[in-house]
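A short write-up of the structure that comes next.
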2 protein chains.
Amino acid sequence: MSGEDELGLRERKKLQTWRTIRAAALRLFNERGFEAVSVDDVAAAANVSRSTLFNYFSSKEALVFDPDPQETQAWRELMRDRPADEPLWTSLQEILIGYLSLMADRMAIQKRLKATSPTLAQSAHDSADRFNAELSDWVAARTPEARRVRATLLVNSARAVLVTAYAAWSPDEGFDRFLRLVRDCFAQAGRGFAADQS
Amino acid sequence: MSGEDELGLRERKKLQTWRTIRAAALRLFNERGFEAVSVDDVAAAANVSRSTLFNYFSSKEALVFDPDPQETQAWRELMRDRPADEPLWTSLQEILIGYLSLMADRMAIQKRLKATSPTLAQSAHDSADRFNAELSDWVAARTPEARRVRATLLVNSARAVLVTAYAAWSPDEGFDRFLRLVRDCFAQAGRGFAADQS
DNA sequence: GAAGAAACTTGGACTCAGTGCAAGGTTGAC
DNA sequence: GTCAACCTTGCACTGAGTCCAAGTTTCTTC
């Protein structure tokens, strides 16, 4: 999340515009609910035209879920930082925890918004998918062809862990509690499910 | 999937209309692609008004993914049929395989369509969610409060298994191959991931 | 089997998301 | 300072989804 200084004026303006729009969107959605606010409302509140808004965000839902432009860079660093000989399951855990920490401040709002709009709830997947794609690439690059399906299974299972912890967490409980849930579920999935007696 | 005979005329007509619309939709989408066909096209092809179409399907995507009205009944039977003392992980495997078998004929078309339209790919989750909700209810009813989070983890992991197998499968390969992938991934997740050396 | 209630269908008008384009304004490079 | 690349804007257009009032079909009851 460093270095927005050595950017040209043009780039800095873009970043600023992006953040202005996002901020306006989150504020309005939070006040009135997702459905009750139109894209034009958001554009107006951010002092940009409708067209410009759609230059930055590909859909109304993207206003809520798109990652900050500098965040995707941070993702890659999270992955690059894992030692090559670390077991994949451990790497996934640490990467995902890092990922969540980047969104820590947004998470509560997002979860609350999702509760109020079915449309949003649905397209939340999508945002997770983008990170997942990034993650899958990273995994694929470090896994030989023959173990590719297994590697995918691990990635998807890690996501299952996340989803489970997320569902069990309430936005009022604070972020630490959420991380504890994540670690716990990771441990359980690590041990496997076959041994359960019911 | 039995008993559409002891239905009244009204009910039988409804079922028939539903299936006519669905069939028309799948045919058109398959011929021209999802995006290239409008809802009006489908309505026209099914000899039904736009309004009626939306009475039966809540969205364009639903035309592809909604389960046949009689299918949801079959789901419940799948769940009811599992012995109460069977380990949950095993039950999940068998239920999901049964579920997939119900959709066996649609699956190849759906996967092909999904490949051609981003919108569709996204909302595929949604359809799976509906089954998942049903499944979660069943699991919750058979699991004491204290183990609820773990049960959710198992359900979500089972879904991860499915998603993995689905991704690794190609629609040309035939359904049996798909089932083999599912069983294999179930076994792997059953054994856990912690032991992996990388 | 006639009459009325309930459920289903229809067309049309409306809102809003998202696309495409052409014109005007801003930024950066030489 | 000039030119090219890039951003922003307004406007017109398509298509999804909602709402409603009026017409038609099925079910019920006597």
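The sequence lines fix the lettering, A, B, ..., with proteins before strands; numbering per chain opens at 1. Values reported hereafter were calculated over all heavy atoms of this structure, with side chains retained and with hydrogens, waters and symmetry mates removed.
Taking 4.0 Å as the cutoff to heavy atoms of chain A, we find the contact window on DNA chain C bounded by C:dA17 to C:dG28.
In this view, A:R177 and A:E173 satisfy the salt bridge (Lys or Arg N to Asp or Glu O under 4.0 Å) rule, not counting sequence neighbours. Applying the side chain to side chain contact (heavy atoms under 4.5 Å, CB included) criterion to B:S38, with sequence neighbours excluded, gives B:D40, B:D41.
Within the structure, every pair that satisfies the salt bridge (charged side-chain N to carboxylate O under 4.0 Å, His left out) test and touches residues 179-189 of chain A, not counting sequence neighbours, is listed here: A:E94-A:R183.
The CZ atom of A:R12 sits 16 Å away from the C1' atom of D:dC7 (whole-angstrom rounding). Between the CZ atom of B:F57 and the P atom of D:dA16 there is a distance of 15 Å, given to the nearest Å. In this entry the distance linking CD of B:E61 with C1' of D:dG15 reads 12 Å, nearest Å.
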Query raised in the report: What string of B, S and - do you get for nucleotides 8-14 of chain D 5' to 3' if you count protein non-hydrogen atoms under 4.0 Å?
Result: BBBB---

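Remark: A:K60 qualifies as a cation-pi partner of A:F34 under the 6.0 Å distance and 45° angle criteria applied to the six-membered ring.
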Under 3.5 Å, which donor-acceptor pairs do the side chains of residues 114-122 of chain A form with other protein atoms, sequence neighbours left out?
from   : atom 1 : to     : atom 2 : distance (Å)
A:K114 : NZ     : A:Y166 : OH     : 3.1
A:T116 : OG1    : A:L113 : O      : 2.8
A:S117 : OG     : A:E35  : OE2    : 2.6
A:S117 : OG     : A:T119 : N      : 3.4
A:S117 : OG     : A:L120 : N      : 3.2
A:T119 : OG1    : A:E35  : OE2    : 3.3

Query raised in the report: Should A:S49 and A:T52 be marked as a side-chain hydrogen bond (donor to acceptor under 3.5 Å, both in side chains) after you check the CA-CA gap, both sets of side-chain angles, and the distance that decides it?
Result: CA-CA 5 Å; A:S49 75; A:T52 299; 3.1 Å; yes

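With salt bridges taken as basic N to acidic carboxylate O contacts below 4.0 Å, none links A:R80 and A:E77.
Between B:F131 and B:Y99, the ring-plane angle classifies as parallel under the 30° and 60° cut-offs.
With DNA chain D read from its 5' end, the first of the two nearest nucleotides for B:E11 and B:K60 is the one closest to B:K60.
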